[in-house]
Amino acid sequence: MKLAETTAQNSFRYSWLIRRIFPFVKPVLFRVILGFLVAIPVGLLDGIVAFALKPYMDYVVGQKDLVFNLFHHTYTISWSSMALAIPFAVILFAGVQGVLRYLNTYFADWTSQRITNSVKVALFDKLVYMDTSFYDENSSGAVLTRYLTDPETASTGIVNNIKSFITSLFGAISLIAVMLYSSWKLALVGVVVLCFAFIPVALIRKRVKATSNKNMVLGGNITTIFNETYIGNRVVHAYNLEEQQKSNFKKQIWDMFNNNMALTKRAGWMSPLMYLIASTGIAFVLWYGTSLITSGYMTAGSFASFVTSLLLLYKPIKTLGNTLTGLQTIFVALGRVFELFDLQPDIKDSNNALTMHDLKDSIQFHNVSFSYNGEHKVLNNINLKVNKGETIALVGNSGGGKSTLVNLIPRFYDIEEGVITIDGTNIKDYSLKSLRNNIAMVFQDNFLFSTTIRENIMMGNSKATEDDLQKAIKAAHLEEMIDELPDGIDTMLGERGTSLSGGQRQRVAIARAMIKNCPIIILDEATSALDNKSEAIVQKALDNLIENKTVFVIAHRLSTIQNANRIAVINEGNLSEIGTHEELMNIPDGQYKTLYNMQFKNQETMISGGV
């Protein structure tokens, strides 16, 4: 599945999205509800200032005492007392609201971060089990955006936006209540304004979805360019690609700018339109309110309280509109997140999968064919049997299918035709974990993690003892290198192990494979990128690794090939020749003989000459 081609089809299925996100919300549901409950009084207290204007204008400014009856008793509050009490009450309520806002923000941030972390961990759990073909089809930028940015947007945004929605909603309710208390007739105007103000929000949601999806793709492209420039910096400099990378990056940045501006052109009118609607309502209120005052149906204090409420109402209404628009963006992100959860690896355990414990007899390829795209076959009808303890060298033209062949054994890819068996059992019948536990691989460019040498080696077998570790170090000829490092085996490596030389990285990888102690070893061009001196040391380490093992080795070095029990020539996806070195050299015009004369004979001359 190509992530860039997904479109968040379920982003308008709100109840479905809420049901999907609920398992991540459930562990923190108490704090989520508590945060939402705190948001209610935060909003309700918005009406306090507007409500206080009525008694302040009618009694304090008019210098009238407030007289009221309560439980058959008459009480009087002097205007001078109210002049002191009302300002202090406003300050007190503002202080209470400030504390509640702090708690509201804390609960929202705490819960949103917990939910975000849970979603990211669950997505990463899915990611690590995805097929190799998934990584082949998707750029690093697309993967990073979808697995890190989208969960952040979705999980953090949904809590914060709902919190903001509740606060604004109850703020609007409190202000509308003050308006109704002041004048129900004028309040009708406010309700009409409120209804019209939400019309733009309904018109924008599909545009938000389209823009959000396109931005996801562009964001992935931008991240990919960053990653490629960083990782491939030597190629960039060697081939003077700086301007090309700058041009590619600039194009993606401006494409995102244009995409956002397209949304702004179509959606930017929402806020001015809401403002125009609110202003029209306020203008009508001023005209109608004046007539109510002059006719004695409304006091000046009620009118001041009403107008203040109406003016204050614009902010929560605008926030509600923005929040609803933001929620649509959140739902789009949620839709994309759950598309990732719904992805299933093509390569997985069969029902009642067997556990592979060891290699007892042989590995066999029976009429195996394979293609990456379903069209051009990389391997065609391969039949090959490799017995336990045998080393077989794979040679042939570049791109002929050698690496593909060995990548099928641990099921990095699944074959389309034929079957691969280990001890007579289809490898698809073994559990992936047990199958791969019996295979160790050393590649041409081995990946080392940005941790210590010790931890990189122990990744081969986390249960290995210190004695096992030291044996692996010795067999991989790492002792001298480790002794020269400031922190020895606990020296931290740079990203991808770039602080070590090529030969040193290979030997760490060999030690990692060695401590795994597997019956099957796969060496994919393990020495091809090394100079002669480094290769000599690495070859000694490899010899220790493959001792008494069943080995598949892809090699271009004569010494490695001649030491193999048999040599398989694979050209254009076909197994064209197989036999010992001597047998293949006796085939007139044979492919191996031609390859040997072109590629390996010079090596033999150099070796015999002492070079």
Side-chain angles (χ1 to χ4, degrees), residues 129 131-133 345-372 377-396 401-443 459-461 463 509-510 512-526 542 545-555 564-570 573-575 578-579:
Y129 291 106
D131 310 326
T132 303
S133 58
D346 294 325
I347 300 174
K348 52 190 175 185
D349 288 346
S350 61
N351 295 330
N352 303 315
L354 303 173
T355 300
M356 179 180 171
H357 296 289
D358 199 358
L359 174 63
K360 300 179 179 63
D361 181 49
S362 65
I363 302 170
Q364 292 191 61
F365 292 74
H366 304 272
N367 302 316
V368 170
S369 296
F370 176 79
S371 67
Y372 289 104
K377 287 188 176 181
V378 180
L379 295 175
N380 184 40
N381 200 35
I382 300 293
N383 286 281
L384 175 65
K385 181 178 180 180
V386 180
N387 295 312
K388 179 180 180 180
E390 184 179 14
T391 296
I392 186 161
L394 305 177
V395 300
K402 302 184 296 297
S403 293
T404 300
L405 182 72
V406 296
N407 283 334
L408 295 178
I409 301 171
R411 291 187 69 194
F412 291 163
Y413 304 93
D414 267 348
I415 57 176
E416 299 157 346
E417 300 175 27
V419 63
I420 302 173
T421 62
I422 294 179
D423 295 334
T425 300
N426 190 333
I427 59 172
K428 292 182 180 180
D429 293 333
Y430 290 120
S431 69
L432 282 171
K433 186 173 183 179
S434 68
L435 173 66
R436 293 170 182 174
N437 274 342
N438 284 275
I439 302 170
M441 301 187 73
V442 181
F443 305 96
M459 285 175 185
N461 180 7
K463 297 179 181 178
I510 290 168
R512 182 166 61 194
M514 199 168 289
I515 205 170
K516 194 175 181 182
N517 193 27
C518 298
I520 303 168
I521 305 294
I522 296 174
L523 307 177
D524 190 350
E525 300 278 12
L542 288 173
L545 170 65
I546 67 177
E547 188 175 357
N548 299 321
K549 307 292 184 183
T550 305
V551 184
F552 292 81
V553 55
I554 300 172
N565 299 109
R566 286 187 298 159
I567 301 166
V569 182
I570 299 177
N574 296 296
L575 177 58
I578 187 166

Distance in Å, Thr132 OG1 paired with Asp346 CG, rounded so as to fall on 0.5 Å steps
11.0 Å

Rounded to the nearest 0.5 Å, the NE2 atom of His366 sits from the NZ atom of Lys385 at a distance of 8.5 Å

Can you list the steps and then say if Ser369 with Asn380 is a side chain to side chain contact (heavy atoms under 4.5 Å, CB included)?
CA-CA 4 Å; Ser369 296; Asn380 184 40; 4.0 Å; yes

Check: Asn367 side chain, Gly418 main-chain N or O, donor-acceptor pair, under 3.5 Å
no

Quick check: closest heavy atoms across Asn438 and His357, and the distance to 0.1 Å?
OD1-O, 3.3 Å

Could you tell me the separation between the OG atom of Ser403 and the CZ atom of Phe412, rounded to the nearest 0.5 Å?
11.5 Å

Steps toward side chain to side chain contact (heavy atoms under 4.5 Å, CB included) verdict (Val368, Ile420)
CA-CA 7 Å; Val368 170; Ile420 302 173; 3.9 Å; yes

Could you work out, with ring pair (Phe, Tyr, Trp, His ring centres under 6.0 Å) as the rule, every residue matching Tyr129, not counting sequence neighbours?
none

Residue pair Ala353 / Asp349: nearest heavy atoms and the distance that separates them:
CB-CB, 4.3 Å

Should Phe370 and Ile382 be marked as a side chain to side chain contact (heavy atoms under 4.5 Å, CB included) after you check the CA-CA gap, both sets of side-chain angles, and the distance that decides it?
CA-CA 9 Å; Phe370 176 79; Ile382 300 293; over 6 Å; no

Over all heavy atoms of both residues, which pair between Met441 and Ala513 is shortest? Give the atoms and the distance, please.
O-CB, 4.5 Å

Do Phe552 and Lys402 touch side chain to side chain, with heavy atoms closer than 4.5 Å?
no

How close do Asn437 and Cys518 get, counting heavy atoms only, and between which atoms?
O-SG, 3.1 Å

Using 0.5 Å steps for rounding, measure from the OG1 atom of Thr404 to the CG atom of Leu379.
5.5 Å

Just to verify, which of Ile570, Ile392, Val569, Ile567 counts as forming a side-chain contact (heavy atoms from CB on, under 4.5 Å) with Ile578?
Ile392

CG of Leu435 to CE of Met356: how many Å apart, nearest 0.5 Å?
6.5 Å

Would you say NZ of Lys463 has more than 12 non-hydrogen atoms from neighbouring residues, nucleotides or ligands within 6.0 angstrom?
no

Which of these, Val442, Leu405, Asn407, Ile409, sits in a side-chain contact (heavy atoms from CB on, under 4.5 Å) with Ile522?
Ile409

Set of side-chain hydrogen bond (donor to acceptor under 3.5 Å, both in side chains) partners for Asp361, sequence neighbours left out:
none

Between the main-chain N or O of Pro410 and the side-chain N or O of Arg436, is there a donor-acceptor pair closer than 3.5 Å?
yes

If we only count heavy atoms from C-beta on, is the Ile422 to Leu359 side-chain gap below 4.5 Å?
yes

Just by modelled atom types, is the Ser133 backbone N or O under 3.5 Å from a matching donor or acceptor in the Asp131 side chain?
no

Considering all heavy atoms, the nearest Leu408-Ile427 contact:
O-CD1, 3.5 Å

Show the numbers, then the answer: is there a side chain to side chain contact (heavy atoms under 4.5 Å, CB included) between Ile546 and Val553?
CA-CA 10 Å; Ile546 67 177; Val553 55; over 6 Å; no

dist Arg411:CZ -> Ser431:OG (nearest 0.5 Å) comes out at 10.0 Å

Partner residues of Lys516 under the side-chain hydrogen bond (donor to acceptor under 3.5 Å, both in side chains) criterion, sequence neighbours left out:
none

Does the Thr550 side chain pair with the main chain of Gly389, one donor and one acceptor, at a distance under 3.5 Å?
yes

Looking only at heavy atoms, the pair that brings Ser434 and Leu354 closest together is OG-O, 3.7 Å

Kindly indicate whether the side chain of Met514, heavy atoms from C-beta on, has any atom under 4.5 Å from the side chain of Asn461.
no

Under a 3.5 Å cutoff, is there a donor and acceptor pairing between the side chains of Asn548 and Lys388?
no

